Amino acid sequence: MAERITDIGPPHFEKFLPPVIKENYGKWKYHEIPEPGVLRHVAENGAEIYSVRVASPRIMSTLQARDLCDIADKYCSGYLRFTSRHNFEFLVSDKSKLEPLKAELAKRGIPKGGTGHSITNIVHTQGWIHCHTPAIDASGVVKSVMDDLFGYFGSHKLPAQLRISLACCLNMCGAVHCSDIAILGIHRTPPKVNHERLRHLCEIPTTIAACPTGAIRPHPDKSIKSVVVNEERCMYCGNCYTMCPALPVFDSVKGGVALLVGGKVSNAKTPPMFSRLAVPYLPNNPPRWPEVVQAVRKIVTKYAEGANKWERVGEWVTRIGWEKFFEVCEIPFTFQHIDDYRWAYDTYRTSMHFKF
Ligand code: SF4
Ligand code: SF4
């Protein structure tokens, strides 16, 4: 423990602010988006700064990060930042450097965009790169979907901003529960109990308590220190595996993707909304996940055609009604769409108002 340094926290953010931001901190008058991917903020004293937003794959090498730093050194006096959706922003205080920066980005193939009524970066998780509980991959699905929707990243042609998120299991690390479109990894098989390992690796009471449906109980044979799973009650959430490594649930063939729609976090016009199930299952189909790509595109296209200006996906669906949403997006309505968990009653229709 000698000379151990601890509890020092992050460096103070002020250290990394461009001088124009430091001088005008809390004194900004307005901002505008002169073109997709470029923001202009103007301070009360007339000072201005341009932020050029570019895409990132989130998971990047140190070489890639150094490349971005080199660009920032050349055009932004070394200043850049990353956004809450993992895009990068080059902070340009000298307007004469804006066009040369844009030209360099174009030359290097670094896409600019993600502002205004666009589809910006997909908030996503670890997938098969690093986590032990995923039902699907994250980076691979995100790359496939963003390739397909790339035209929406560098343009403002949607009715409102459209946030897509992905989580590789229903721990939902990130934003899938509150996004316009959410891509979620799901299992469809119960865990396989390894009795021999369980008694060495797991704490049985916490494993039992981890199950939201009460499907796990102690093994009826008292001489076996393990658990049994009532498969009729299991809905394959995988929570028990998070607690106990002797209950693996992953099945690469039967697991797959569910799509949710209609969530948002802002309070603009309407309160925040949770996203809700749209497509219960699509297959895990690496490396390009064509079924997922196609289904996401269909929802985006129908939303772009049908929504009013400023209307988020959830607001559009609320206005036309869920029955209409399923009809226009040509998504079959199945028993899986009907909530059956604890407070499900509130999600049923208790009115005569519906569209044929
Ligand atoms: S969503 Fe699940 S599988 Fe993905 S990183 Fe989080 S815990 Fe791991
Ligand atoms: S997968 Fe979920 S529902 Fe099934 S037994 Fe484990 S915790 Fe319970």
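Predicted model only: the values in this text are computed from it and were never measured. Numbers here simply count residues along the sequence, with the first being 1. We count ligands from 1, going down the list as the structure has it; atoms in each ligand are counted the same way.
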Among protein heavy atoms, which sits nearest to [atom], and what does the distance come to when rounded to 0.1 Å?
atom	answer
atom 6 (Fe) of ligand 2	Cys240 SG, 2.3 Å
atom 3 (S) of ligand 2	Met235 N, 3.5 Å
atom 2 (Fe) of ligand 2	Cys237 SG, 2.4 Å
atom 8 (Fe) of ligand 2	Cys211 SG, 2.3 Å

Say you draw a straight line from [atom1] of [X] to [atom2] of [Y]; how long is it, rounded to the nearest 0.5 Å?
X	Y	atom1	atom2	value
Tyr50	Asp94	OH	CG	11.0 Å
Tyr75	Lys102	OH	NZ	13.0 Å
Phe354	Met352	CZ	CE	6.0 Å
Thr301	Leu149	OG1	CG	8.0 Å

Distance-only donor-acceptor check, side chains His219 and Ser226, under 3.5 Å =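 Checked: His219/Ser226 side chains show no N/O donor-acceptor pair below 3.5 Å.
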Metal site atom 4 (Fe) of ligand 2: N/O/S of Cys234 inside 2.8 Å |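 Given the 2.8 Å cut-off, Cys234 counts as a ligand of atom 4 (Fe) of ligand 2.
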Ile216 and ligand 2 - part of the residue with a heavy-atom distance under 4.0 Å |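 Looking at Ile216 and ligand 2, just side chain atoms fall under 4.0 Å.
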Lys/Arg N to Asp/Glu carboxylate O, Lys74 vs Asp70, below 4.0 Å =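 No salt bridge links Lys74 with Asp70.
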Check if Thr213 has a non-hydrogen atom at a distance under 4.0 Å from any atom of ligand 2.
->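 Yes; Thr213 lies near enough to ligand 2 that a heavy-atom distance drops under 4.0 Å.
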Remaining members of the apolar cluster that contains Met273, side-chain heavy atoms under 4.5 Å |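 Once heavy-atom contacts under 4.5 Å are chained together, Met273 still belongs with nothing else.
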Tell me if the SG of Cys202 lies under 2.5 Å from the SG of Cys244.
->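 A disulfide, yes.
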How many protein atoms of type N/O/S are positioned less than 2.8 Å from atom 6 (Fe) of ligand 1?
->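 Excluding waters, the total comes to 1.
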Looking at Gly238, which atoms of ligand 2 are within less than 4.0 Å of one of its heavy atoms?
->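 Those qualifying, in numeric order: 1 (S), 2 (Fe).
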